[in-house]
Amino acid sequence: MSSTSLKSRASSISEPLRVAVLVSGSGSNLQVLIDAMQAGELPIEIVGVISNREDAYAITRATDADIPVVVLSHVASGKRMGIKTFETHASAQLQDWQPDLIVLAGFMRVLSSNFIHHAIAPMINLHPSLLPAYKGLDTHQRVIQAGERHHGCSIHVVTAELDAGAVLTQALLEVNSKDTADSLQVRVQKLEHQLLPWTILLLAKGVLTLNTDSSDDANYLPALPLTLHIDQ
Ligand code: GRF
């Protein structure tokens, strides 16, 4: 991870945390952050949104909230934009916005280790499973097929290995006998909408720090992941 960190956050919590959000789809998680920010419930400023899809509804949500949006379409004018080109533009944009934290909220492109290591700010990702179980895609379907009794979502630090960085927080539910992949998606997304702002609040308040590379932080970090218990 970048040497930039949220370590000193506790001493500067009067300033809102500057958050950049990367999206690919509906942006319901982005909306939750916008609503919490506008309600004064989350001490953040969403400094910009990057979408890799020009048809993402998240773009409308950001625009409606007067948040700067940059679309780096993975298929522009019929031509696929390579990940290197995407990352070059995204890096320049993030430099411009100077975020303290980069949030991948339903962002569906795999980023290179070079981009992740040189990112201007720590990066976290929202994943729809109880990591380390069910990395990758189609998590709800795989959970049903495996007959799991529990499922949920995780927020983890982004590292070069897909869905493998330190898990910061999780929220879980019990799988019912009537659940399908579709019903699990709906139920897990409700958890996501609570887990993401809660996690960012912990980061903004300096309760959680993402800088784990110096020894004194070991005493500062609570045992991870923190688990949010939600009645559904
Ligand atoms: C979320 O369910 C997340 O788990 C998955 O993509 C979805 C994004 O939803 N990776 P939204 O775009 O925030 O509505």
Side-chain angles (χ1 to χ4, degrees), residues 19-38 41-42 44 46 48-65 67 69-74 83 86 90 99 101-111 116 123-144 148 150-159 161-173 175 179-201 225 227-228 230 232:
V19 177
V21 186
L22 272 59
V23 295
S24 302
S26 152
S28 64
N29 285 284
L30 170 67
Q31 188 68 55
V32 166
L33 297 184
I34 292 171
D35 292 346
M37 174 181 74
Q38 289 179 339
E41 293 163 358
L42 203 49
I44 63 169
I46 303 177
V49 169
I50 296 176
S51 173
N52 72 313
R53 295 189 60 112
E54 53 200 357
D55 57 352
Y57 187 62
I59 297 168
T60 304
R61 297 182 193 271
T63 307
D64 286 351
I67 295 168
V69 186
V70 167
V71 180
L72 299 172
S73 174
H74 67 306
I83 191 68
F86 172 89
L101 178 70
I102 301 166
V103 177
L104 310 188
F107 180 69
M108 301 305 286
R109 281 205 91 160
V110 177
L111 297 165
I116 292 163
M123 217 180 304
I124 59 172
N125 180 48
L126 172 62
H127 182 77
S129 79
L130 296 174
L131 291 172
Y134 301 101
K135 296 171 182 167
L137 298 173
D138 302 324
T139 58
H140 310 304
Q141 186 62 42
R142 288 189 284 144
V143 161
I144 292 282
E148 296 285 0
H150 294 98
H151 186 34
C153 52
S154 306
I155 293 180
H156 67 93
V157 176
V158 176
T159 57
E161 197 183 336
L162 192 68
D163 300 329
V167 178
L168 301 172
T169 56
Q170 291 184 319
L172 60 150
L173 53 72
V175 179
D179 267 319
T180 61
D182 287 347
S183 72
L184 278 185
Q185 183 182 353
V186 171
R187 293 181 66 207
V188 168
Q189 203 161 48
K190 281 187 192 162
L191 296 184
E192 294 174 357
H193 293 166
Q194 295 174 75
L195 189 68
L196 185 61
W198 183 66
T199 306
I200 293 176
L201 182 65
T227 306
L228 181 61
I230 303 165
Q232 270 203 343

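Both backbone and side-chain heavy atoms feed into the values below; hydrogens, waters and symmetry mates do not. When a ligand or atom number is given, it counts from 1 through the structure's own listing order.
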Atom 6 (O) of ligand 1: nearest protein contact (heavy atom, Å): Gly106 CA, 3.6 Å

Separation between OG1 of Thr139 and CG of Leu131, rounded to the nearest 0.5 Å: 9.0 Å

Contact (N/O only, under 3.5 Å) between His127 and ligand 1: no

Side-chain (Ser154) to main-chain (Ser129) donor-acceptor, under 3.5 angstrom: yes

For Pro128, atoms of ligand 1 separated by under 4.0 Å from a heavy atom: 4 (O), 10 (N)

Atoms of ligand 1 close to Glu192 [distance to a heavy atom under 4.0 angstrom, numbered from 1]: 1 (C), 2 (O), 3 (C), 4 (O)

Donor-acceptor under 3.5 Å (Thr199 side chain, Thr169 main chain): no

Gly27 near ligand 1 by a heavy-atom separation under 4.0 Å: yes

Protein heavy-atom partner closest to atom 9 (O) of ligand 1 - residue, atom, separation in Å: Gln189 NE2, 3.0 Å

Protein contact of atom 14 (O) of ligand 1 - nearest heavy atom, named by residue and atom, plus distance: Ser28 OG, 2.5 Å

Polar side-chain atom of Arg142 near backbone of Leu137 as donor-acceptor pair, under 3.5 Å: yes

Verdict with reasoning, His151 to His140, per side chain to side chain donor-acceptor pair (under 3.5 Å): CA-CA 8 Å; His151 186 34; His140 310 304; 2.9 Å; yes

Worked verdict on Ser28 versus Arg61 for side chain to side chain donor-acceptor pair (under 3.5 Å): CA-CA 9 Å; Ser28 64; Arg61 297 182 193 271; 5.4 Å; no

